[in-house]
Amino acid sequence: MKHQPYESWILDEVPLNEQQKQELEAHLKTCSPCSSLQSSWQEARKQIQSATVRQPSAGFAMRWQTGLEERRIAEEHRQRQNVWIWIACVSAAVALALAVIFLPRISFIQILIDMVESLVGLTTAVTVFLRLVTSVFRSISPLTLVLAYLGLSTLLILTVFLWGISIWRMSLKGVAHYEKD
Amino acid sequence: MSVAEREWLNLAISGDEEAFTRLVELYQTPVYNLCYRMLGNDHSAEDAAQETFWRAYRNLKRYDQQRSFITWLLSIAAHYCIDQQRKKRLPLFEMDEFPDFDIADPEIPNPEQEYNQGEEEAALHALVNKLNPQDRAAVILKYWYDCSEEEISQMLSLTVSAVKSRLHRARRQLAEMVSTQQPAAAERRRRNETSTL
Ligand SMILES: [Zn+2]
């Protein structure tokens, strides 16, 4: 069944002439979707229009006045903050402009080259140092090396042993203390 | 607008705070009611109404005196409430594509509040809350404030034909909701009638 223009007549609330009213009436008698649309919309409209006006709780204007003061302070604070941000931005821009004008030889690529050069220098220094250490070791006699190794490892084992004992004693003390409580 | 109101307005525009407070007193109810119908609870309505007056106060110099002052206030309130509602929703979905997606305000209905408002009021909230914010604003301005479609179009910054199509869609949606709700509503009315007997 064709529901137009009846649906629009029902929903758009345009004023209808006599003939249109009769046409709608006739259609509603034979078409249940349109007739239920009509009654449902009328019901919804009634519900909406029967609602009362909601009032704010007493003292709304007073709350407005108190709020106004707070909002104004917050606004001033925000404005001051904005001024500082603005000043910072302008200073940064000026500094950048000055750098561009007065330091024309400094380029990003130059900085990169300098960085690579210093890295290479550092690597060379480390290599030289390692070479020096190896040559020193090579010049020492094997007996001295073995003695030095034994002495160093004994010292290391002793240190670890003492450290282990002190940890063990501390943990024992902790448990005893806890049990006393 | 009465002569006194016009005078307060002029004083307020020239920076008189007292005069503006008079205007707040005068227009608090229509502004608050619009916010309440848009947002569905008193707490949010109070905040929105206060924010509306603050925005009006700050932009008073931009107010076009040819327009009605209350229309201007309601327009600020409607825009603010629409924004608030949009912020609450998932930004991924455009409501127009999901007309059945339930966007009922999670802050309501609080059972106690609902009881105080009465069941009819709660049912009305449930009904209007399902409309998307702009459609809801159009319906509220049309049926609670008797605004014409031209006025609504100005207030919501829409074209008249957009207002018409929004109202058409909203009415259909409301009718559909009422028809699914009707058995419950009929039962409620029956109970009300028997309790008043
Ligand atoms: Zn039909």
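Side chains are part of it too, since the values below use all heavy atoms of this structure and drop only hydrogens, waters and symmetry mates. Every chain is numbered from 1 and lettered A, B, ... according to where its sequence line falls, protein lines coming before strand lines. Quick caveat, the model's predicted, so the values are computed rather than measured.
Here the closest non-hydrogen pair linking Trp41(A) and Leu174(B) is CZ3-CD1, 3.9 Å. The two residues Arg171(B) and Asp12(A) have their closest heavy-atom pair at NH1-CA, 3.6 Å. Of all non-hydrogen atoms in Glu46(B) and Ser57(A), the two that sit nearest each other are OE1-OG, 4.3 Å. Contact between Val178(B) and Ser40(A) at its shortest, heavy atoms only, is CG1-O, 3.7 Å.
For Arg45(A), the part lying under 4.5 angstrom from a heavy atom of chain B is the side chain only. Heavy-atom distances place the side chain of Gln65(A), and not its backbone, under 4.5 Å from chain B. With a threshold of 4.5 angstrom between heavy atoms, Val139(B) approaches chain A through side-chain atoms but not through N, CA, C or O. Residue Ala49(B) touches chain A through both its backbone and its side chain, counting heavy-atom pairs closer than 4.5 Å. Heavy-atom distances place the side chain of Leu127(B), and not its backbone, under 4.5 Å from chain A. Looking at Trp54(B), the atoms closer than 4.5 Å to chain A (heavy atoms on both sides) sit in the backbone and in the side chain alike. Contact annotation for Gln38(A): neither backbone nor side-chain heavy atoms come within less than 4.5 Å of a heavy atom of chain B. Contacts between Glu51(B) and chain A at a heavy-atom distance below 4.5 Å involve backbone atoms as well as side-chain atoms.
Between chain B and the residues Gln55(A), Arg71(A), Arg63(A), the largest count of heavy-atom pairs under 4.5 Å involves Arg71(A). The choice from Arg58(B), Lys164(B), Glu25(B) that makes the most heavy-atom pairs within less than 4.5 Å of chain A is Arg58(B). Ranking Pro56(A), Ala61(A), Ala51(A), Ser8(A) against chain B, the residue ahead of the rest is Pro56(A), based on heavy-atom pairs under 4.5 Å. Your options are Glu13(A), Glu7(A), Met62(A), and the one with the most heavy-atom pairs under 4.5 Å with chain B is Glu13(A). For the set Gln50(B), Arg172(B), His168(B), the entry with the most heavy-atom pairs within less than 4.5 Å of chain A is Gln50(B).
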Under the side chain to side chain contact (heavy atoms under 4.5 Å, CB included) criterion, do Arg54(A) and Asp42(B) qualify, and how do the steps go?
CA-CA 9 Å; Arg54(A) 191 79 171 186; Asp42(B) 285 301; 2.6 Å; yes
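A donor-acceptor contact shorter than 3.5 Å is absent between the side chain of Asn33(B) and the backbone of Val53(A).
The hydrophobic cluster containing Leu122(A) does not contain Phe129(A), counting ILVMFWY residues as joined when their side-chain heavy atoms lie under 4.5 angstrom apart, directly or transitively. In this structure, Leu145(A) is a member of the same hydrophobic cluster as Val133(A), with clusters built from ILVMFWY side-chain heavy atoms closer than 4.5 Å. Placement of Met155(B) and Val160(B) in two distinct hydrophobic clusters is found when ILVMFWY residues are connected by side-chain heavy-atom separations under 4.5 Å, directly or transitively. Two different hydrophobic clusters hold Tyr57(B) and Leu11(B) under the rule that ILVMFWY side chains link at heavy-atom gaps under 4.5 Å. When hydrophobic clusters are built by joining Ile, Leu, Val, Met, Phe, Trp and Tyr residues whose side-chain heavy atoms come closer than 4.5 Å, directly or via intermediates, Leu141(B) is not grouped with Tyr80(B).
Between Tyr32(B) and Trp64(A), the ring center distance fails the sub-6.0 Å criterion.
In this structure, Gln79(A) places its CD atom where more than 12 heavy-atom neighbours from other residues, nucleotides or ligands lie under 6.0 Å away. Within 6.0 Å of CD1 in Ile109(A) there are 12 or fewer heavy atoms belonging to other residues, nucleotides or ligands.
Annotation: the span from Phe53(B) atom CZ to Leu68(A) atom CG amounts to 12.5 Å, rounded to 0.5 Å.
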